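Counting starts at 1 for both ligands and their atoms, in listed order. Every value quoted in this text rests on a predicted model; they were computed, and no experiment measured them. The residues of the chain are indexed from 1 along the displayed sequence. As a basis for the values below, the full set of heavy atoms in this structure was taken, side chains included, without hydrogen atoms, waters or symmetry mates.
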Amino acid sequence: MATIEIPQQLLPGDGRFGAGPSKIRAAQVEALAEAGATLLGTSHRQAPVKDLVGSIREGLANFFHIPDDYEVVLGNGGASAFWDIACANLIEKTAAVGTYGSFSKKMAASVESAPFLDDPLVFAGEPGTYRIPDFDERVDAYCWAQNETSTGVAAPVRRVPGSQEAGALTIIDATSAAGALPVDVAQADAYYFSPQKAFGAEGGLWIAVLSPAAIERSAKVNAAAKQDDSIRWIPPFLSLESAISNSRKNQTLNTPALCTLILLENQVRWLNEQGGLAWSSARCRESASIVYEWAEASDYCTPFVTDPAARSTSVVTVDLDDDIRDSDVTSALRANGIVDVNGYRKLGRNQLRVGVFPSVDPDDVRALTRCIDYVVERL
Ligand SMILES: *Cc1c(COP(=O)(O)O)cnc(C)c1O
């Protein structure tokens with residue numbers, strides 16, 4: 001197939017539309033360059049790096065308007081590590097998990113693999129929908145994802161009625177939602193994410209906004225695990241107790257990637273300067289609407305998520321007609337510098353997926369839709 005050359009004037013200013021890793025702004029890279037001669041290559045146990053971590057924790061506390069008794073905790077390993085941290089430290093015996101895509105299923109798989117936990121109660125939804133667990137008196141932790149990145153579905157963050165009264169925790173995977181989708185973190189006990197999505201940093205870290213109930217649960221579970229007759233194993237690396245005590249000192253248990261911290265600190269500061277979560281969620285809503293409205297008007301593609309209320313405003317998925325191959329579209333776009341708009345491979349649909357995180361300019365999203373039209377007309 002001959003290569004399609006998209007005219008310069010149609011191209012977006014920035015061609016990165018990944019669902020994570022996502023676009024990193026130039027100012028973040030400049031912050032990294034500036035830190036190159038001073039921070040990089042220095043100890044994370046000394047004031048300059050601890051101040052950086054402190055600024056991230058404080059910036060996120062402001063950004064999410066966290067209740068006074070909540071804490072921002074962080075550690076190495078990304079959101080994937082937090083699935084196992086939740087199993088080891090937060091779930092006492094029985095979790096209920098909503099599963100409706102690859103990421104929410106992985107949380108359920110972690111719970112299933114923990115020999116000291118009961119098999120979870122799984123509430124499964126079809127891809128393209130969400131399913132929040134129902135109340136069950138056996139359950140001590142309710143888990144679901146605010147944004148199922150594999151399908152572009154957004155789910156509410158609202159406690160399951162009766163769960164808090166029953167002493168159960170609400171544990172939300174907010175990886176591709178945090179920073180982009182509105183949230184009241186008081187509706188969760190652990191609201192956790194990685195920084196390479198809406199926060200436009202690199203991977204490698206997990207961040208969790210924890211309630212007093214989550215901190216208390218972790219202390220209780222850790223104390224119980226130290227008893228001789230306990231069968232629970234809390235690998236030291238996955239100890240939430242250690243992460244909490246290190247975070248309070250603006251440190252991580254083991255050596256963090258300073259590049260990730262610098263990129264993240266710059267992004268949190270930028271987001272707060274722009275107007276915080278209200279600003280970023282409005283910007284993401286605008287960008288997402290551009291794609292959904294374009295797809296609805298298009299004669300060759302449609303939004304994958306049929307319920308408008310379940311459509312993500314950070315990761316947008318659109319199905320293509322059968323006579324157009326998604327890989328033809330994505331390779332033509334990539335040849336023109338527009339990258340990472342491929343669907344989630346394991347979902348196996350003829351689909352495009354667009355990350356419209358706060359760093360992405362809505363004008364670039366408009367340009368993207370024009371470029372897709374241009375390519376499809378010429379395939
Ligand atoms: C990306 C993603 C993860 C995994 O994040 P890592 O940093 O790669 O561990 C988990 N959950 C959701 C919803 C995600 O989008």
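Shortest contact from atom 8 (O) of ligand 1 to any protein heavy atom: Gln196 NE2, 3.6 Å. Atom 15 (O) of ligand 1 has its closest protein heavy atom at Thr149 OG1, 2.4 Å.
Ring geometry for Phe103 against Trp83 counts as tilted: the plane angle lies between 30° and 60°, on a 0 to 90° scale.
For the pair Arg57/Val53, a side-chain contact is recorded, criterion being any heavy-atom separation below 4.5 Å from C-beta on. Side chains of Trp294 and Cys301 form a contact here, defined as non-hydrogen atoms less than 4.5 Å apart.
Judged by the 6.0 Å distance and 45° axis criteria, Arg25 is positioned over the aromatic ring of Trp270. A cation-pi arrangement is absent between Arg370 and Tyr374, since the terminal nitrogen or guanidinium carbon is not both under 6.0 Å from the aromatic centre and inside a 45° cone about the axis. The cationic atom of Arg349 (NZ for Lys, CZ for Arg) does not lie both less than 6.0 Å from the six-membered ring centre of Phe304 and within 45° of the ring axis.
Heavy atoms of Glu148 found under 4.0 angstrom from ligand 1: none, in either backbone or side chain. Residue contacts with ligand 1, taken as heavy atom pairs separated by less than 4.0 Å, do not involve Phe82 at all. Proximity of Ser194 to ligand 1, defined as any heavy-atom pair under 4.0 Å, is confined to the side chain (atoms from C-beta onward). Proximity of Lys197 to ligand 1, defined as any heavy-atom pair under 4.0 Å, is confined to the side chain (atoms from C-beta onward).
Under the 6.0 Å cut-off for aromatic ring centres, Phe123 and Tyr100 do not qualify, their centroids lying 6.0 Å or more apart.
For Ser80, a nitrogen or oxygen atom sits less than 3.5 Å from a nitrogen or oxygen atom of ligand 1, counting backbone and side chain alike. Residue Asn147 places no N or O, backbone or side chain, under 3.5 Å from any N or O of ligand 1.
Applying the 4.0 Å criterion to heavy atoms of Trp83 picks out, from ligand 1, the atoms 10 (C), 11 (N). Per-residue contacts place Asp173 under 4.0 angstrom from the following atoms of ligand 1 (heavy atoms of the residue considered): 10 (C), 11 (N), 12 (C), 13 (C).
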